[in-house]
Amino acid sequence: MKAMAIGVLAAIAMASLAAPWIAPFDPNALDIANRLAEFGPTHPLGTDHLGRDELSRLLHGGRSTILLAVIATAATLGVGIVFGAVSGYFGGKVDHAIQSLVLLFQGLPRISFMLAIAGVMGPGPFTLFIAVVVTSWADFARIVRAETLKIREEPYIEAVRALGASPGYVMTFYVVPNLIGPMVVLFTVEIGRMILAIAALSFLGLGLQPPTADWGIMISDSRPYFRSAPLLMIAPGLCIAITTFAINLLGDSLRDRLDTRMDGHPVVL
Amino acid sequence: MGAIAAHIGGRLATALPVLIGATLIAFLLGVIAPGDPAREALSQGGGLEPSIEQLAAMREQLGLDAPLPVQYAAWLGRVVQGDFGQSYITRQPVAEELLRRLPVTLQLATWAVFIAAFFGIGGGMVMGYFHGGAIDHAGRVFSLALLSIPGFWLAILLILVFAEILQVLPTSGYGTWQQMILPAVVLSSSTAAMLMRLSRAVMLEVMSQPYIITARAKGLSEPVIVVRHALRNMLIPLVTVIGNHAGEIFGGAIVVEVIFALPGLGRLAVSGIFQRDYPVIQGYVLVAAFVYIAFNLLIDLLYTLIHPQIRFGGGIK
Amino acid sequence: MTRMNKVLRVLLPAFALALTPVAQSWAQTTAPRPKEIVLAAPRDLAPGPKDPYYTNPILYVWEPLVINGENGEPAPQLATSWSLSEDAKTWTLKLREGVRFHDGEPFNADAVIANFDRYRKISPKASPFTTFSIDQTFPGLTKVEKVETHTIRLVFSQPQPMLIYAMVGFGSPIYSPKNFEANGDFKGFPQGTGPFKLVEHRPDVSLLLQRNDDYHGAKAGAEFVRVRTIPAPDTRLSAMKAGEILGVMDLGAIPPEQANELAKDNRFALSWEKSTISHYLHPNGKSGIFKDVRLRQAVSMAIDREAIVKGLYRGYPSPTVNILNFTSPFMKTIAIPHDPKRAAALASEALAGKRAKILMIVPSYGIDRYPYKAQAELIQATLIPLGLDAEIRILDAAAYRKAQTEGEYDLALATQGLPNSDPFTLLNNYLATKGSSNALYSFGYSNPRVDQLLQEASVAVDIKQRRKAYEELQDLALQDMPTIPLFNDTSLIAYNKQITGYRATVYGTTLPEVRWAQ
């Protein structure tokens, strides 16, 4: 199963990265006379409502969807590690303050908060990035804190502290490295959610801006046409589902291997 | 019971700063957002633009010229008294509007939790019981697939299949239980999948317990015993998962309410955000934060009922 | 087991409580009314008692004194005839006799005066439809007098030759004098004179109309009409196909693409009519490159309006370069120049052969109602040969308006409705140096001749004189192109053939004529 997941992901990643070379058409080239064409030899998956080649858009769409998800997850993870590790390691007032902040951010409705941020900043990739980080860091921080609490109690940490190491030193060289294992799992689990979250924002019209192809945008754009051209909605939907599925599968097996119990909060959109 | 009361008191004391933080964020959201509320209040629906004098008068009427701390203090004072202001667009008191809509969203969420719990736990237990078999494999793939499908996509497909083609359920609307099924299923999908996976694991654990093996050896009616033990062991994970998912279910209700035409808080929030109706956005954020905090307190209470020793554990869960 | 029991004791009542409201409302709706015709709209058409109108006029609950006639000219409704004094400062209106409000009150001069008192009390009053302002509709009104039981006189401080045009529809809604609270809000449901009464309203869910059997004109065809609110267009289409609703109404009732989809199915039919909505591409003429009129003209000439209308709107709207909507009786017919080559040459001249990056903004509400995203992408592609590289940004209504006002855009997709058939307000707002739209959209437009013409039109008593001024204004707008008109929209509706008599009108539908087909 794991090998299959890795294989699928590798294939998707390769195809997306190689999009500019393997896509048969310019993903943004309009051909209004040839709109909503059925699949055929020229357009293997047909054309969309503006006559753009669906296959080329899918390939380019994968590129932007996955890239954005990876960057956003990495950034969220970074913020989460800093707050979570500090909170867990120091405990006391710092912990309390950070955890209050965590609770506060988790208490705000994520999607409307994202909408509001997009409204303030104007939609676009950067907004998407900020909206995702601001609304997701708290979940990470909470999990990192729990892990840090565990690590803090380890005998070797006690030993290093007894030797008079500064908190910064202990954190950087002993706590954070020990967080890497669980974090890899968390990253994998989270990236699937992130793809879904970005798709949802794109669906609401807050994602990347036209004419950029993006799987979420492609689904959203196809809504008026999907009865006569079902492929326009099914293809990008399947792309998201398969990618997320493979990532989740991989995350599962990684999680089993590292024996880390945690339950994520999948995006319910 | 005194200990529980003290414990709850302590929790309330922790929740208060969070609530105040939420009010501050809610207030600031309205302030930093672009757009002139006075103009929003006067120009709607593609009509003609208001005059400059009308705009100035409206700004004054809405108190938009005062310094921010003054605006915040005035606003907070009114909020405490239950006055969330008036919608700039509909002129209705926001508190009334929120109160009218809150039950719809809570109902939707309750239905979603029910469906998630029923199918999640039931499915997971069946999977665990027949672990390694075809049902188990199919169930694992299914649960993972549920976690991998965008909710809005699922919603569109479900409407197409169940309402349009099969015509067994209504597409949308509010008022009958049939109308709650599709939206609740969409909203519950990821929670159900999570619960399926979790309850399968619990089931496996229970089945490997020595006393179950003993019971089996004694020839006791096996499924009954396993199910009973597994159910009891499911309680804490169930409460935890639902607690963790509460915020997401509440937020996910936005898109579900729009697609399925439910008159809940989420739809109010969306129109508020798109019309830059500050009092509505602020009211929504406040109510959402309040519901979430209250819900977590409830979860906390449930924990202490299930596991009395948790009462003495510290920190925020 | 006791722990379990304790938990259950807490949980079960909580769940039961949470589910009860559903059970209750479910009981409410199981008592079906006979023969309800169920329709749907994208928004709640009854904003409620604090709205200046309570319901949208397309529900036919209330009636104005004057309505928009078929040719765009004002036509009698509650007022049957009118006359203007020599000095154009006094209007005398004859009121329809034998009319009663839904609550049984008689309609007469006293009732009209009570409504004018309310107008004054509530103005200006915002609404999701259009802001009500007595100063805008009845500028300089000094007196409303009863002449006879069924005659009133409106006295103004300055000449108001075009008043009747402004009074159309939203300009003169009339309700029972007993229908108002002290502050001018509604007391209970609206008590109008229309062919339908509002008898039930569940905000954002549905409203129920019942036939008014005392209606003064032709009675409504259906006894009960329910209008549901379904905001998502896909869901509306699904509800149509599932037979849950028998028709759709209101702006953006059905996107053209979906209408065609529906028309393939023999159970459904479409109806469309000219609409008062026009679509524009607003250029920022105040700052940025579109200060240059040549560039504005180049863009106008490059855009293939036919392709937009045919490709994205399935051919329902009609392309235009006229600033004035085609429902206005003052609209002048102007040929549409489409010449990409000349456009490219003109643009190249204006840009000195260089390429420029521009920002095109699109309002998100437009995306819900129209294929605006595709339209923006199509225009984006059209502009490339002109040397213009457009970035598209979709903004919510507030951010969009802010970008317009502060001039932080180059091109904006926009719609404009014509609230009444006198184009003066629209032309003045768009074209006058001090016009509000001109300022708020950053057109930066100023032409002394235009200001002079508007001044002349505002005082012209003779309708011919006005027409002349309006026509010259349309020519000047074409020449200077402060905004680039794209096309006049149609109001498009779809319905199930189980009902009949349902047609689109300029602003709404022929709701009173709807009945079951048999």
Side-chain angles (χ1 to χ4, degrees), chain A residues 91 95-96 99-122 135 139 142 145 149 192-193 195-196 199-200 203-204 215-216 219-220 223 226-227 233-234 236-237 240-249 252 261 263-269, chain B residues 14-15 17-19 21-22 25-26 29 32-35 112 141 144-145 147-153 156-157 160 186-191 193-194 197-198 237 240-241 244-245 247-256 266 269-270 273-274 276 281 284-285 288-290 292-293 296 315-316:
Chain A
D95 182 30
H96 202 270
Q99 288 311 301
S100 296
L101 216 56
V102 165
L103 193 60
L104 172 60
F105 274 86
Q106 287 189 319
L108 291 169
R110 192 169 178 168
I111 296 119
S112 54
F113 205 179
M114 284 179 178
L115 272 173
I117 292 174
V120 174
M121 298 178 49
T135 51
D139 289 349
R142 189 161 82 158
R145 171 178 173 270
L149 281 178
R193 288 175 47 193
I195 289 178
L196 290 183
F203 175 79
L204 289 172
W215 291 339
I219 296 181
S220 174
R223 286 167 79 194
F226 81 94
R227 284 179 180 79
M233 176 172 279
I234 292 171
I240 294 180
I242 291 173
T243 309
T244 322
F245 190 87
I247 289 171
N248 284 341
L249 213 56
D252 268 11
R261 285 278 303 259
D263 60 298
H265 320 242
V267 172
V268 275
L269 266 176
Chain B
T14 339
V18 176
L19 253 185
I25 289 184
L29 266 184
I32 55 178
V141 171
L144 211 52
L147 284 176
S148 312
I149 295 176
F152 55 88
W153 199 56
I156 295 170
L157 292 184
L160 187 67
V186 171
L187 195 55
S188 73
S189 62
S190 65
T191 311
M194 225 51 224
R197 290 148 61 95
L198 215 70
T240 313
V241 167
N244 282 344
H245 282 228
E248 299 289 349
I249 288 185
F250 206 79
I254 295 182
V255 168
V256 169
V270 169
I273 284 163
F274 281 125
R276 197 65 48 186
I281 303 172
Y284 173 73
V285 171
F290 183 79
Y292 187 78
I293 292 165
N296 271 292
I316 297 161

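Chain letters run A, B, ... following the sequence lines, proteins first and then strands; every chain starts at 1. Remember, predicted model here, so these are calculated numbers, not experimental data.
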Heavy-atom pair of closest approach, residues [X] and [Y]:
X: P150(B); Y: I240(A); value: CG-CG2, 3.7 Å
X: F152(B); Y: I219(A); value: CE1-CG2, 3.7 Å
X: L196(A); Y: L147(B); value: CD1-O, 3.3 Å

Please flag which part of L249(A) lies under 4.5 Å from any non-hydrogen atom of chain B: side chain, backbone, both or neither.
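The answer is both parts of L249(A).
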
Output all residues satisfying side-chain hydrogen bond (donor to acceptor under 3.5 Å, both in side chains) with S148(B), sequence neighbours left out; order by chain, then residue number.
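S148(B): side-chain hydrogen bond (donor to acceptor under 3.5 Å, both in side chains) contacts with N248(A).
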
Going by side-chain contact (heavy atoms from CB on, under 4.5 Å), name the residues that satisfy it together with L157(B), two or more places apart in sequence or in a different chain.
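Partners of L157(B) under the side-chain contact (heavy atoms from CB on, under 4.5 Å) test: W153(B).
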
